[in-house]
There are 2 protein chains.
Amino acid sequence: MVSLTAQPGNGPLYQQIKKLIVDRIVDGTWQPGACLPSETRLGDELGASQGTVRKALDDLVGDNLLIRHQGRGTFVATHTAQRELFHFFHLVDEGGNKQLPVYSQLIDCSRRQASDRETDCLDISAPADVVTITRVRHLNDKPAIFETIALPASRFSGLEREDDLPNELYGLYEKSYGVTIHRAKERLSAVAATDAEALALGLPTGSPLLEIDRIAETLEGTPVEWRISRCDSRTHRYLTEHV
Amino acid sequence: MVSLTAQPGNGPLYQQIKKLIVDRIVDGTWQPGACLPSETRLGDELGASQGTVRKALDDLVGDNLLIRHQGRGTFVATHTAQRELFHFFHLVDEGGNKQLPVYSQLIDCSRRQASDRETDCLDISAPADVVTITRVRHLNDKPAIFETIALPASRFSGLEREDDLPNELYGLYEKSYGVTIHRAKERLSAVAATDAEALALGLPTGSPLLEIDRIAETLEGTPVEWRISRCDSRTHRYLTEHV
DNA sequence: GAGTGGTCTAGACCACAGA
DNA sequence: CTGTGGTCTAGACCACTCT
């Protein structure tokens, strides 16, 4: 049952509408890729004008939660390679060109008990399992990223038996495990390459590597992936832009 | 003379209004900190409704170009320490806390002919001067960032004679040289500390440092500062968030 | 042609800041 | 009290997509 009110203590109507839409996406009423009702229909259902609904939708489009197509409708955002490239991958080569890794060498994918650090990063309670992935991602046909990933086994049950993991995992999370990554917090630092990393990336032990420590969250803000990417810094840079 | 039209080949009205406002900020009609005319007045002057003006203003607020204060008015954004902290400084300590450097040890500030790399980064033509700044910025009372900055001498004439450079330079650029930094592109990598850097930061030569290579631009997109910050990666991380 | 989002208008009332 | 931005409405027309 829907009950939105003019504007008592609940705050602005369009904020209430935003929350309602987010809730429906979170609870699966509107799955990724689904088409929302039209602005006028939503307005009628919620007892708001089309303009107010529009403001709510505009905000959510700005949050990368919805996508609009003129003449077609408004859709729940999905994880395409495009989105991965624009929002979650920031390495560029000397020419400043961005390209997703097309090949990954899988070193390990298994399930085991979570370490203290892992339970901490993934915000899960002590005796729990994680699925871990270790792989070397290639850029321009050369090994460039040594990557370790930890996932809560509760949400990703059976992933360790998956064969042929794709390079872009977020689409897999979404399609096969119903987990949509919405936000990623990254902490970057410089580290010295370990023997294993140096060997895998073809450079001397102790070489400086760019470490990207990422925690990826769902729409609700729950951390669901902890990823450490150690990147060969000779050939690639991490690009960001701020306004 | 203002002439905005309904919507011929010029595109949507609110886009034309945005452009007009940006132009007036660029040409100095509305200086940083200035109060714009009210929405209704702007609408009357431009022959548009208040709602349309509002949409233009909303967009520009989203671009960090304007700031609104309910009941007071709409203002051109300025470079406060707050903005510097939120938009242009991304280092955090182990606790994840962000704090601007409060002390900098100035090593050099002088004027000389630009190198090829500098003319390239700053997009200036060959025989030109730059003002360079070299300094060590301190975080938590410890040397943490070895920083070199190159500025086109044409825009920053006399800066090399400035005594007592502030830690946050962007406010100085804006107030004393009429240069407002609007956007910064950063390329991050891991490098090995040189002798000079190691000495200044109190760590062994060859230690991995996080290098931030930043080119800062004006509203018009002209590069006006090239800055390389080499950061002690043991104690600090570069924090970003993506949605 | 029917339905969608994109733009624009005109007018209303509320919340807040400052004289 | 006046003027500002913040929210909300109702209705109009345009541009686009699909059938």
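Chain letters run A, B, ... following the sequence lines, proteins first, then strands; residues in each count from 1.
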Determine the minimum heavy-atom distance between Val131(B) and Glu160(B), stating which atoms define it. CG2-OE1, 3.6 Å
Rounded to whole angstroms, how far apart are NZ on Lys18(B) and P on dC8(C)? 12 Å
Rounded to the nearest 0.5 Å, what's the gap from CG on Leu60(B) to NZ on Lys55(B)? Could you check? 11.0 Å
Enter the distance from Arg214(A):CZ to Glu186(A):CD here, rounded to the nearest 0.5 Å. 4.5 Å
To the nearest angstrom, the OH-C1' distance between Tyr14(A) and dG5(D) comes to 12 Å
If only side-chain N and O atoms count, and only distance matters, is there a donor-acceptor pair under 3.5 Å linking Asn140(B) with Gln99(B)? yes
Counting neighbours of CD on Gln31(B) that are heavy atoms of other residues, nucleotides or ligands and sit closer than 6.0 Å, is the number greater than 12? no
dT4(C), OP1 or OP2 - any side-chain N/O from Arg68(A) closer than 4.0 Å? no
Looking at every strand, decide which applies to Thr40(A) at a 4.0 Å heavy-atom threshold: base, sugar-phosphate, or nothing. nothing
His90(B): what forms a ring-ring contact (aromatic ring centres under 6.0 Å, His included) with it, not counting sequence neighbours? His242(A), Tyr238(B)
Whole-Å distance between dG3(D) C1' and Leu42(B) CG? 15 Å
Measure all distances between protein nitrogen or oxygen atoms and nitrogen or oxygen atoms of nucleotides 9-13 of chain D, and list the pairs falling under 3.5 Å.
unit_1: dT9(D); atom_1: OP2; unit_2: Ser49(A); atom_2: N; d: 2.9
unit_1: dT9(D); atom_1: OP2; unit_2: Ser49(A); atom_2: OG; d: 3.0
unit_1: dT9(D); atom_1: OP2; unit_2: Thr52(A); atom_2: OG1; d: 2.4

Do the rings of Tyr103(B) and His138(B) sit parallel, tilted or perpendicular, given the 30° and 60° boundaries? perpendicular
Heavy-atom nearest nucleotide on DNA chain D taken for Arg72(B) and for His69(A); more 5' hit belongs to Arg72(B)
Would you mind reading off the distance between Lys55(A) atom NZ and dT7(C) atom P, rounded to a whole angstrom? 15 Å
Rounded to whole Å, please give me the gap between CZ in Arg54(B) and P in dT7(C). 17 Å
Nearest-angstrom distance from the residue atom CD of Glu39(A) to C1' of dC8(D): 15 Å
Residue-phosphate contact under 4.0 Å: Ser38(B) side-chain N/O, dT4(D) OP1/OP2: yes
Distance in angstrom units between Asn10(A) CG and dT7(D) C1', rounded: 15 Å
dG5(C) C1' sits how many Å from Asp59(A) CG, rounded? 16 Å
